[in-house]
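Heads up: the structure comes next, in structure tokens.
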2 protein chains.
Amino acid sequence: MVTMRDVSKLANVSVATVSRVMNNNGYVNERTKEKVLAAIKELNYRPNDVARSLFKGKSKMIALFVPDIRNPFFPELARAVEDISNMHHYTFILCNTDNDPAKEVNYLNALLQKSIDGVIIVSSTMSVKQLREIKVPIVALDRKLDAEFPAVTVNNREGAKIAVRYLKETGCKHIAHIAGPQDIISSSERMKGYLDVVQKEYRFSDDYIRFGNYTYEDAFEVAKELLTSHSTVDGIFAANDLMAIGVLKAAEYLGINVPNDLSIIGFDGITIGRTTSPTLTTMEQPIYIIGKRATEILLQQIEEPDRRIPSEEYKVTLIQRESTKERS
Amino acid sequence: MVTMRDVSKLANVSVATVSRVMNNNGYVNERTKEKVLAAIKELNYRPNDVARSLFKGKSKMIALFVPDIRNPFFPELARAVEDISNMHHYTFILCNTDNDPAKEVNYLNALLQKSIDGVIIVSSTMSVKQLREIKVPIVALDRKLDAEFPAVTVNNREGAKIAVRYLKETGCKHIAHIAGPQDIISSSERMKGYLDVVQKEYRFSDDYIRFGNYTYEDAFEVAKELLTSHSTVDGIFAANDLMAIGVLKAAEYLGINVPNDLSIIGFDGITIGRTTSPTLTTMEQPIYIIGKRATEILLQQIEEPDRRIPSEEYKVTLIQRESTKERS
DNA sequence: GGTGATTATGTAACCCGTTACATATATATT
DNA sequence: AATATATATGTAACGGGTTACATAATCACC
């Protein structure tokens, strides 16, 4: 491997001068600079980032923790984080945590040993105590972590309200909810939004709520049960698109026409919702944008560790497709 | 940060001894070892991987190049690579190349500067000349790169033949093909497999082939055109599932019943194919397995750079779902 | 008791880029 | 001409593990 010493010898200067040329700092005579640049080019010299990292204590790497990249919500997020990292010459590390606190801690420790510069975390299981001890910047994404860490999220409760109100406006009388795991804040917020709209109604029943694990299969099963036992249900708000598709499939399985006999609305706005039949009405999150912002905030925190950056909350947008009726 | 010197002072030994204890090599007296371990524990010492990397010239990091993680084929692959990396205590770096040779080269150079230990590449645009010059192990995944690099792929041609034969067996007479980009080998192999089966038939027409860009939208458009201009077509083999779904949607748009009037079969076996209506018949690739094997091979190459590991080719499996008729 | 192998531990160089500090020349200011 | 300031470059320490080599103690065997 070509090192700075090799360059310095060829250019007849000291390593310090080569370093100055590389980093464009300090005083370097124009002619010396040219000599050095020529030597760099001739040897095709590339600085060793590891040595640089060792001295600086910074690695120019950031990590993203997601539960599982196979969940279709996360690739878009990951893409955004990677794009912005790359743009700022940071290397992007991806970690699948499976919502497992042990894995989260292991990853974090391993990354700290590698002098990771910052971490973006999508998690509801992360040990906050652990996080407080470390000094690298942390940004929470999609799910809030702790007031201490800036978070980039969407207004889940408001979005849920819009979704359920929309079902009402299109004529649904008995609106059920397939809720997500309640330890995930975004999920419990969505349920709150649902309750905000329907709880006071005389038609409402606690039994209109079913819990799924944010997966297609789960929702398929609980929706089948719900629709079989409650034939009056004519609208379902699912806490995410994956579960909404499970509901769609359950309705298909039971021979229930969507949207004529049953309206279904999801949450997230993942691409797959455009390929089902009927296509899925959903509350779309600005997924790429929140990923992008989380990364920008993280990078800012890395550059200026003292400045406190406020959390950001984005709005979700109703996307009307075929799984709900037209507003009359 | 706690360093080895801190530990060595507390334990009253030299840094060399601490290093020996950490790495379990060389001679260390049992009682000394205990003293050192106690000191490590008391100080909660964690070695600095950057310093280790600098000396060893290895980083314990591997990278995966994919065109775009948002393409639903890649998350499963990425998950496999990450799982195996993690299992072997390697850190996983993800790069989205957008099939852009310039981006590929930039990533590669950036990673080499970070002493990356190996790279798994899904690409048909990668400059092989560039790759030959570098000394870190490379493994090709999904698409062959060059005989020089071990590749983990599936038998695309054979899979395509099985798909098209299956369409014939279920009664299709006029089988069309939505082909993928021909510069992607896997894609051109699939077309060859299609031609292997139908080209000799008197009914076959060159005009039964349309080209898409592996995307849903592309396929939707070309399938609409194909089905409008060739009403005799009663079977379509799409080069990947995403395009097959585009075809499905085009048929729905044109009021063509699938599978009664038109059978559709895809390739890949991505999850989304289970959520469409009708669900998608496809040639399933063992995605996780090829990702896993590619990683294992890469890690082996890293441990034993001299040993040449042969390429591996996996079989694809026909998954019968609702977009094709039953075999009579 | 002597020779050699085994065990045990420390010193210091090394990996490679960065930068504080020293030194020196050139230019500007009064 | 003297002093201050800007420009230019080099030396060497530093970051934190790793390991070759040196040294020394213990043990085995004849």
Side-chain angles (χ1 to χ4, degrees), chain A residues 1-37 39-40 43-61 89 109-117 135-136, chain B residues 1-37 39-40 43-61 89 109-117 135-136:
Chain A
M1 202 199 202
V2 182
T3 74
M4 229 166 63
R5 325 272 158 185
D6 301 323
V7 175
S8 73
K9 268 173 214 154
L10 184 61
N12 260 311
V13 294
S14 72
V15 289
T17 301
V18 178
S19 179
R20 284 186 203 106
V21 171
M22 290 297 298
N23 298 295
N24 249 315
N25 58 20
Y27 293 110
V28 182
N29 182 287
E30 195 54 40
R31 250 178 304 147
T32 311
K33 188 172 173 181
E34 275 162 30
K35 265 197 309 180
V36 172
L37 288 174
I40 287 172
L43 298 173
N44 190 27
Y45 166 69
R46 308 230 168 228
N48 181 326
D49 277 343
V50 179
R52 193 176 271 175
S53 289
L54 176 58
F55 187 87
K56 298 236 178 185
K58 302 214 167 187
S59 61
K60 286 250 166 194
M61 301 193 297
H89 303 105
N109 285 330
L111 293 172
L112 290 173
Q113 291 189 31
K114 287 195 147 43
S115 298
I116 193 88
D117 291 346
K135 61 268 141 253
V136 307
Chain B
M1 202 198 202
V2 182
T3 73
M4 229 167 64
R5 327 272 158 183
D6 301 323
V7 175
S8 74
K9 268 173 214 153
L10 184 62
N12 259 311
V13 295
S14 72
V15 289
T17 302
V18 178
S19 179
R20 286 186 201 103
V21 171
M22 290 296 299
N23 298 295
N24 248 315
N25 59 20
Y27 293 110
V28 183
N29 182 287
E30 194 55 39
R31 251 179 302 146
T32 311
K33 187 173 173 178
E34 276 162 31
K35 265 198 309 182
V36 172
L37 288 174
I40 287 172
L43 297 173
N44 191 27
Y45 165 69
R46 308 229 168 228
N48 181 325
D49 278 342
V50 179
R52 194 175 272 175
S53 290
L54 177 59
F55 187 87
K56 298 237 181 188
K58 301 214 168 188
S59 61
K60 285 248 165 196
M61 302 193 297
H89 303 105
N109 285 330
L111 293 171
L112 290 173
Q113 291 190 30
K114 288 195 146 40
S115 298
I116 193 87
D117 291 346
K135 61 266 141 260
V136 307

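Quick note on labels: first sequence line is chain A, next is B, and so on, each numbered from 1. FYI, side chains are in, hydrogens and waters are out, and symmetry mates aren't considered; it's all heavy atoms of this structure.
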Completion exercise
A/M22 atom CE is separated from C/dG17 atom C1', nearest whole Å, by 10 Å
Practice task
For B/Y45 and for A/F55, locate the closest nucleotide of DNA chain D by heavy-atom distance; then report the residue assigned to the nucleotide nearer the 5' terminus.
Solution key: A/F55
Exercise for the section: Ignoring backbone atoms, test whether B/N23 places a side-chain nitrogen or oxygen under 4.0 Å from the OP1 or OP2 oxygen of D/dT18. Expected result: yes
Exercise for the section: Would you mind reading off the distance between B/R31 atom CZ and D/dT26 atom P, rounded to a whole angstrom? Expected result: 12 Å
Practice task
For residues A/K33 and A/N29, determine if any side-chain heavy atom of one lies less than 4.5 Å from a side-chain heavy atom of the other.
Solution key: no
Completion exercise
So the stems of DNA chain C, runs of at least three Watson-Crick or G-U pairs (under 3.5 Å), are C:1-30 with D:1-30
Problem - Between P of D/dT9 and NZ of A/K9, the distance in whole Å - result: 20 Å
Problem - Gap between atoms CG and P, on B/N48 and C/dC15 respectively (whole Å) - result: 18 Å
Problem - Side chain to side chain, A/R46 and B/N109, heavy atoms closer than 4.5 Å - result: yes
Practice task
Using a heavy-atom cut-off of under 4.0 Å over every strand shown, decide if A/D49 touches base, sugar-phosphate, or nothing.
Solution key: nothing
Exercise for the section: Indicate the atoms forming the closest heavy-atom contact of A/K60 with A/H89, along with that distance. Expected result: CD-O, 3.6 Å
Fill in the blank from the handout: Separation of D/dT7 atom C1' from A/Y27 atom OH, nearest Å, is 6 Å
Practice task
Counting heavy atoms from C-beta on, name the nucleotide in C/dC16, D/dG16, C/dT11 closest to the side chain of B/A51.
Solution key: D/dG16
Exercise for the section: Answer with base, sugar-phosphate or nothing: what part of the nucleic acid does B/N12 contact at a heavy-atom distance below 4.0 Å? Expected result: sugar-phosphate
Practice task
Nearest whole angstrom, please: distance from the P of D/dA24 to the CG of B/N29.
Solution key: 19 Å
Using distance only, find each side-chain donor-acceptor pair of residues 1-21 of chain B under 3.5 Å and give its atom names and separation, not counting sequence neighbours.
unit_1 : atom_1 : unit_2 : atom_2 : d
B/T3   : OG1    : B/R5   : N      : 3.2
B/D6   : OD2    : B/T3   : N      : 2.8
B/S8   : OG     : B/R5   : O      : 2.8
B/S14  : OG     : B/A16  : N      : 3.4
B/S14  : OG     : B/T17  : N      : 3.4
B/S14  : OG     : B/T17  : OG1    : 3.4
B/S19  : OG     : B/N23  : ND2    : 3.4

Problem - Spatial distance of atom OG (B/S53) from atom CG (A/L54) [nearest 0.5 Å] - result: 9.5 Å
Practice task
Using a 4.0 Å heavy-atom cut-off across all strands, classify A/V13 as base, sugar-phosphate, or nothing.
Solution key: sugar-phosphate
Exercise for the section: Remember a base hit wins even if backbone is also touched, and classify A/V18 as base, sugar-phosphate or nothing at under 4.0 Å, heavy atoms. Expected result: nothing
Practice task
Using a cut-off of strictly less than 4.0 Å, decide whether B/K56 has a side-chain nitrogen or oxygen near OP1 or OP2 of D/dT19.
Solution key: yes
Problem - Touch class at under 4.0 angstrom, heavy-atom based, for A/T17 against every strand present - result: sugar-phosphate
Handout entry: Short side-chain N/O contact to C/dA8 OP1/OP2 from B/K33, under 4.0 Å
Key = no
Exercise for the section: Would you tell me if any nitrogen or oxygen in the side chain of A/S19 comes within less than 4.0 Å of OP1 or OP2 on C/dG17? Expected result: no
Handout entry: Between D/dT7 (P) and A/E30 (CD): distance, integer Å
Key = 13 Å
Practice task
For the side chain of A/V15, starting at C-beta, report the closest nucleotide among C/dC16, D/dT19, D/dA12.
Solution key: D/dA12
Fill in the blank from the handout: On a heavy-atom basis, the closest approach of A/K114 and B/V50 is O-CG2, 3.7 Å
Handout entry: B/D117 side-chain N/O to B/K58 backbone N/O, donor-acceptor pair under 3.5 Å
Key = no
Exercise for the section: Report which part of the nucleic acid A/T32 touches: base, sugar-phosphate, or nothing (heavy-atom distance under 4.0 Å, all strands). Expected result: sugar-phosphate
Problem - Length of the line joining A/K35:NZ and D/dA8:P, which is rounded to integer Å - result: 13 Å
Exercise for the section: State whether the number of non-hydrogen atoms from other residues, nucleotides or ligands found under 6.0 Å of B/K35 atom NZ is greater than 12. Expected result: yes
Practice task
Tell me which of A/L54 and B/R20 sits closer to the 5' end of DNA chain D, going by the nucleotide each one is nearest to.
Solution key: A/L54
Problem - hbond_proxy B/R5 side chain to D/dG17 base (donor-acceptor, 3.5 Å cutoff) - result: yes
Problem - Gap separating the CE atom of B/M61 from the CD1 atom of B/I116, nearest 0.5 angstrom - result: 5.0 Å
Problem - Nearest-neighbour nucleotide for the A/S14 side chain, D/dT11, C/dT9, D/dG17 considered - result: D/dT11
